[in-house]
Amino acid sequence: MSKRNLIEDLKARDLIAQTTSEEELVEHLESGSVTLYCGFDPTADSLHLGHLVPLLMLKRFQDYGHRPIALVGGATGLIGDPSFKAQERQLNSAEVVQNWSERLKAQISQFIDFGGEDGAILANNFDWTSNVDVLSFLRDIGKHFSVNKMISKESVKQRIDRDGEGISFTEFTYQILQSYDYQKLNELYGCSLQIGGSDQWGNITGGIELVRRMNSKSVHALTLPLITKSDGTKFGKTEGGAVWLDPKKTSPYAFYQFWLQTPDADVYRFLKFFTFLDVERIDEIEAEDKAREGRPEAQRILAEEATRLVHGEQALEAARRITEALFSGDHSALDENDYSQLQLDGLPSSQLPESLSELSLTSLLVEAGVASNGKQVKDALQRSAVMINDQSCSMDQNMEAEALFGKESARFGRFFLVKLGKKKHHLFFV
RNA sequence: GGUGGGGUUCCCGAGUGGCCAAAGGGAUCAGACUGUAAAUCUGACGCGCAAGCUUCGGUGGUUCGAAUCCACCCCUCACCA
């Protein structure tokens with residue numbers, strides 16, 4: 001751990017978008033162990049990369065002796081946060097949100113240490129929101145909010161100003177609910193710092209005010225920057241959609257590959273955001289990469305660190321094994337065990353159908369999930385970008401699946417390694 | 001309740017009777033160049049190997065022919081009440 005204080009470290013990593021009075025915050029953090037919280041709304045059955053930065057942030061605070069509260073938004077998830085959202089969102093059913101809340105809880109537990117007397121706390125705002133009756137809500141909580149102020153928040157402005165869009169009372173109330181969370185957590189656990197994405201600033205400051213009014217306490221806020229990519233596209237998305245933290249939704253191998261493909265222009269920033277490596281070390285890596293020319297090491301380091309953090313050492317090893325086997329360019333070096341291992345390690349694989357006579361390559365590969373539609377396969381075939389056991393195929397072989405996957409050309413009598421393009425691999429077995 | 005504006009292929013957004021599977025942009029995929037990077041160029045981009053099939057909020061109609069016209073309905077926005 002570096003000797004500098006936490007805020008300095010976070011600044012060096014560009015992990016701070018905004019804070020309430022920095023002086024007071026630093027003072028507060030140095031005065032002892034601070035209890036802080038970050039909320040995660042259940043909008044899906046798993047967290048994704050976008051949640052990773054705040055999650056790691058809680059851990060950073062914990063490493064510096066503070067006490068994090070991970071708040072699952074069982075209640076707020078039922079309402080939907082309108083902040084900077086262009087459109088009103090579809091409500092999810094109570095059962096679904098409940099179910100997702102449980103999934104998130106389990107996931108979050110892997111990142112932060114909840115053990116011990118002063119370990120982290122896992123909370124759910126459903127616990128203190130669900131039984132508040134309307135009149136109490138309006139009289140005890142609502143009275144502290146000025147609609148004028150709520151309306152003027154930047155986070156809901158585009159929903160209010162923009163033609164063609166609006167905001168329901170339900171979503172509009174979201175900021176009150178989140179403010180109430182802060183108030184409650186302050187009351188229950190002495191929580192005095194809330195962190196979140198920069199889009200949460202409006203909601204957080206609302207909470208600060210509520211805490212001051214109801215609890216007569218002065219509390220703090222710190223927001224994290226939105227993670228952007230240098231080319232302007234959205235961070236954390238791949239062809240298949242979001243990159244999830246759940247290994248069942250995004251395999252450790254795919255996760256590792258995602259990081260490995262980080263553009264040079266982003267990789268050093270991402271190392272600061274997504275790893276616990278010292279900033280000095282990261283700067284060194286950058287300097288070394290520059291000096292060396294050619295392929296940088298940073299992506300590999302980022303992929304390893306991030307995969308280890310999220311999926312653990314074993315999964316990282318597996319992801320590396322697959323990567324090594326597939327991208328070294330020499331599949332002939334793989335022995336029979338290696339093939340079985342690839343399958344176990346999580347390389348996408350599937351069993352070949354009994355009969356291939358009627359089947360086109362396009363439909364076979366689409367069915368296996370190698371491509372999303374036949375056109376993509378066709379396109380690849382026309383460019384000789386489909387390889388079966390290192391043999392490239394052409395368009396006229398589309399209907400010759402039976403011959404291409406003949407027993408005699410299988411590796412060890414049962415494996416076919418199919419490659420589409422440079423990066424997509426799939427293992428077929430008999 | 002009234003008036004006016006909207007709902008188009010993943011997203012944004014053109015299209016207002018045939019030339020429309022539907023401009024343009026973005027995203028995405030593949031190829032060349034590379035370093036499983038960026039930039040650039042090329043191609044694909046509703047589904048299908050193909051013949052062909054299915055789309056433009058919904059339902060019904062007019063028409064040889066509709067995303068485009070008509071009726072009703074649903075959703076949504078603004079203003080007014």
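Letters A, B, ... mirror the listed sequences (proteins, then strands); counts begin at 1.
Separating the P atom of B:rC77 from that of B:rA71 is a span of 24 Å, rounded to the nearest Å. To the nearest whole angstrom, the two C1' atoms, one in B:rC47 and one in B:rA22, are 16 Å apart. Using atom C1' as the reference point in both B:rG7 and B:rG52, the two lie 31 Å apart (nearest Å). Taking atom C1' on both nucleotides, B:rG57 is separated from B:rU8 by 10 Å, rounded to a whole Å. B:rU9 and B:rA67 are spaced 11 Å apart, taking the C1' atom of each and rounding to whole Å. A distance of about 38 Å separates the P atoms of B:rU55 and B:rC41, rounded to the whole Å. Rounded to whole Å, the separation between the P atoms of B:rG13 and B:rU3 comes to 27 Å. A gap of 15 Å separates the P atoms of B:rA51 and B:rG46, to the nearest Å.
Within 4.0 Å of A:S372, counting heavy atoms only, lies no atom of the nucleic acid at all. Heavy atoms of A:Q382 sit nowhere under 4.0 angstrom from any nucleic acid atom.
The distance from the CG atom of A:L427 to the OG atom of A:S349 is 5.5 Å, given to the nearest 0.5 Å.
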Within the sub-3.5 Å range, which N or O atoms of nucleotides 26-32 of chain B have a protein N or O partner, and how far apart are they?
unit_1, atom_1, unit_2, atom_2, d
B:rC29, O3', A:K424, NZ, 3.3

Distances for protein N or O near nucleotides 49-53 of chain B N or O, under 3.5 Å:
unit_1, atom_1, unit_2, atom_2, d
B:rC49, OP1, A:S360, OG, 3.4
B:rC49, OP1, A:T362, OG1, 2.6
B:rC49, O4', A:N398, ND2, 2.7
B:rA50, OP1, A:K378, NZ, 2.8

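Salt-bridge formation is not detected for the pair A:R60/A:D63: no Lys NZ or Arg NE/NH1/NH2 atom is positioned less than 4.0 Å from an Asp or Glu carboxylate oxygen. Between A:R321 and A:E317, no side-chain nitrogen of the basic residue sits less than 4.0 Å from a carboxylate oxygen of the acidic one, so the salt-bridge criterion is not met. Ion pair A:D289/A:R292 flagged as a salt bridge, since at least one NZ, NE, NH1 or NH2 atom sits closer than 4.0 Å to an Asp/Glu carboxylate oxygen.
One interatomic measurement links the two molecules: NZ of A:K234 to P of B:rC10, which rounds to 17 Å at whole-angstrom precision. Computed from coordinates, the A:E171 CD to B:rU76 P distance equals 13 Å when rounded to whole Å. In this structure, A:L364 atom CG and B:rG48 atom P are separated by 14 Å, rounded to whole Å. The separation between A:H425 atom NE2 and B:rU36 atom P is 11 Å, rounded to whole Å. Atom CD in A:Q261 sits roughly 14 Å away from atom C1' in B:rU34 (whole-Å rounding). A straight line from CG of A:D264 to C1' of B:rU34 spans 11 Å, rounded to a whole angstrom. Nucleotide B:rU34 holds its C1' atom 15 Å from the CZ atom of A:F327, rounded to whole Å. A:Q299 has its CD atom 11 Å from the P atom of B:rU36, to the nearest Å.
Under the Watson-Crick or G-U wobble criterion, with both distances below 3.5 Å, B:rU40 is paired with B:rA32. Across all strands shown, B:rA78 forms a Watson-Crick or G-U wobble pair with B:rU3, both key distances being under 3.5 Å. Base pairing of B:rU16: no nucleotide in any strand meets the Watson-Crick or G-U wobble criterion (both distances under 3.5 Å). When both pairing distances are held under 3.5 Å, B:rG46 makes a Watson-Crick or G-U pair with B:rC53.
Between A:N337 and A:Q341, the side chains place no donor N or O within less than 3.5 Å of an acceptor N or O (distance only, hydrogens not considered).
Contact annotation: the side chain of A:I322 never approaches that of A:F327 to less than 4.5 Å [non-hydrogen atoms, C-beta and beyond].
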>> Walk me through whether A:Y37 and A:Y182 qualify under ring pair (Phe, Tyr, Trp, His ring centres under 6.0 Å).
In response: CA-CA 8 Å; A:Y37 102 89; A:Y182 203 172; 5.7 Å; yes
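Aromatic ring centroids of A:F274 and A:W259 lie under 6.0 Å apart. For A:F405 and A:F428, the ring centers are positioned less than 6.0 Å apart.
Put simply, the residue from A:I204, A:V53, A:L36 that forms a side chain to side chain contact (heavy atoms under 4.5 Å, CB included) with A:I195 is A:L36. Paired with A:E209 under the rule side-chain hydrogen bond (donor to acceptor under 3.5 Å, both in side chains), one option of A:H144, A:Q183, A:K149 passes, and it is A:K149.
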